[in-house]
Amino acid sequence: MKLIVITTPNYFVEEDKILTALFDAGLDILHLRKPDTPPVYAERLLTLIPEKYRKRIVVHDHFYLKDEYNLKGIHLNHRNPLVPDNYTGHISASCHTLEEVMADKKTCDYVFLSPVFDSISKEGHHAAFTPEGIREAAAKGIIDKKVIALGGVNEENMLRIKDFGFGGAAVLGDLWNKFNPASDYNYQPLLAHFKKLKELAD
């Protein structure tokens, strides 16, 4: 099962070092999601990440970065819902209903479905699906290997996500809560936690 990491919404010092360490530790795909930030910051971060890892990065904004830095692909969301003209390459999308999943799976390499569990990073974002509803959707072939679970993903429910039949899990709050850029210098606890999640996903 794929394990995808989504960045924090804000940039921070030495972020490139942590992201590179995550790739070194076996991170499959990173989603660079920094809403409402100037592209120059994304460019700076990308130049600091080793070239060999850039092809595992998907951008949520400033889609021109995909070709400029030889990235994996682009991610469609409510801010950027349209594929650029003449675009070729990897596409993923955010979905919040099973109807959206069915529609978007036809044109995407994979889609995020959220929130599967109560969100860790967004207060008040509660699970939008029951376990029964998820199992039913999997039985109908709506949830399959092209659908990535997002929202409240942690080590406690990783095996359930696998059992539900998702193709992967996207983690945000559970991982980044292990590191406070304002006060922590040591990101080893974050890396150790990532390795634990990766083991469960594999």
Side-chain angles (χ1 to χ4, degrees), residues 1-9 19 22-23 25-35 53 55-61 63 66 71-81 83 89-122 125-131 133-176 193-202:
M1 190 171 78
K2 278 191 194 84
L3 179 61
I4 295 172
V5 168
I6 301 173
T7 63
T8 61
L19 296 178
L22 288 170
F23 282 125
L27 174 59
D28 301 313
I29 301 169
L30 175 77
H31 274 241
L32 181 57
R33 179 186 172 276
K34 306 282 188 181
Y53 292 144
K55 58 179 179 291
R56 296 195 211 166
I57 298 174
V58 174
V59 280
H60 284 223
D61 300 274
F63 290 161
K66 191 264 179 192
L71 306 179
K72 182 179 179 70
I74 63 172
H75 183 85
L76 307 178
N77 51 40
H78 67 91
R79 290 190 314 281
N80 302 294
V83 177
H90 170 97
I91 301 170
S92 55
S94 294
C95 297
H96 302 288
T97 66
L98 295 173
E99 289 71 30
E100 286 175 350
V101 167
M102 286 189 285
D104 289 351
K105 266 199 320 185
K106 294 172 188 156
T107 51
C108 291
D109 293 83
Y110 58 74
V111 298
F112 287 168
L113 178 63
S114 72
V116 172
F117 302 106
D118 290 352
S119 175
I120 298 165
S121 61
K122 292 179 181 174
H125 275 238
H126 297 294
F129 309 92
T130 61
I134 290 172
R135 290 196 191 283
E136 200 178 305
K140 289 178 180 167
I142 298 167
I143 287 173
D144 58 16
K145 295 297 169 208
K146 284 181 84 170
V147 185
I148 308 294
L150 170 63
V153 173
N154 60 29
E155 61 182 303
E156 277 74 54
N157 55 37
M158 188 68 80
L159 293 176
R160 278 174 72 200
I161 291 167
K162 203 184 259 189
D163 183 50
F164 282 144
F166 284 97
V171 65
L172 203 171
D174 180 60
L175 182 70
W176 295 110
H193 189 64
F194 168 77
K195 287 173 184 167
K196 218 182 286 180
L197 292 172
K198 179 93 177 95
E199 223 168 85
L200 290 166
D202 290 345

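Sequential numbering from 1 along the given sequence is applied to the chain's residues. Source: prediction; values computed, not measured.
For the pair L113 and I134, the minimum side-chain heavy-atom distance is 4.5 Å or more. Taking 4.5 Å as the limit, some side-chain heavy atom of T7 sits within range of a side-chain heavy atom of L30. Under the 4.5 Å side-chain criterion, counting only non-hydrogen atoms from C-beta, W176 is in contact with V5. With contacts defined as side-chain heavy-atom distances shorter than 4.5 Å, the pair I143/F164 does not qualify. By the 4.5 Å heavy-atom criterion applied to side chains, D144 and K105 are counted as neighbours. Residues T107 and I91 have side chains not in contact (no heavy-atom distance under 4.5 Å, counting atoms from C-beta outward). Here the side chains of Y53 and L27 are not in contact, with every heavy-atom distance at 4.5 Å or above. Side chains of T8 and R33 form no contact here, defined as non-hydrogen atoms less than 4.5 Å apart.
Note that the CZ atom of F166 and the NZ atom of K145 stand 11.0 Å from one another [nearest 0.5 Å]. Annotation: the span from L3 atom CG to L200 atom CG amounts to 9.5 Å, rounded to 0.5 Å. Rounding to the nearest 0.5 angstrom, the gap separating the CG atom in L98 from the CD atom in E136 is 9.0 Å. Separation of atoms CD1 (I6) and CG (L32) is listed at 11.0 Å; rounding is to 0.5 Å. Here the straight-line distance linking atom CD1 of I142 with atom OG1 of T97 works out to 10.0 Å at 0.5 Å rounding. Remark: D109 CG to H90 NE2 distance equals 5.0 Å, nearest 0.5 Å.
At distances below 3.5 Å, at least one donor-acceptor pair connects side-chain atoms of K146 with backbone N or O atoms of C108. The backbone N or O of K72 sits nowhere less than 3.5 Å from a side-chain atom of K66 that would complete a donor-acceptor pair. In this structure, N157 contributes its side chain and N154 its backbone to a donor-acceptor pair below 3.5 Å. A distance-only check finds no donor-acceptor pair linking the side chain of R79 to the backbone of D61 [under 3.5 Å].
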task = Give the C-alpha distance, both sets of side-chain angles, the deciding distance and a yes or no for side chain to side chain contact (heavy atoms under 4.5 Å, CB included) between M102 and V111.
result = CA-CA 10 Å; M102 286 189 285; V111 298; over 6 Å; no
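Of all non-hydrogen atoms in E155 and D174, the two that sit nearest each other are N-OD2, 4.0 Å. Here the closest heavy-atom approach between residue C95 and residue D104 is recorded as SG-OD2, 3.4 Å. Contact between L150 and A170 at its shortest, heavy atoms only, is CD1-O, 3.7 Å. Nearest heavy-atom pair across P81 and L76 is O-CD1, 3.8 Å. Closest non-hydrogen pair, A127 versus V116, comes out as CB-O, 3.4 Å. The minimum heavy-atom distance linking I161 with A149 is given by the pair CG2-CB, 3.8 Å.
Under 3.5 Å, the side chains of S114 and H96 contain a donor-acceptor pair of N or O atoms.
Ring geometry for F112 against H60 counts as tilted: the plane angle lies between 30° and 60°, on a 0 to 90° scale.
When each of R56, K198, K55, K2 is checked for a salt bridge (Lys or Arg N to Asp or Glu O under 4.0 Å) with D28, only K198 meets the rule.
Other residues, nucleotides and ligands contribute more than 12 heavy atoms inside 6.0 Å of the CD atom of E100.
A salt bridge does not link K195 to D202: none of the charged nitrogens lies less than 4.0 Å from a carboxylate oxygen.
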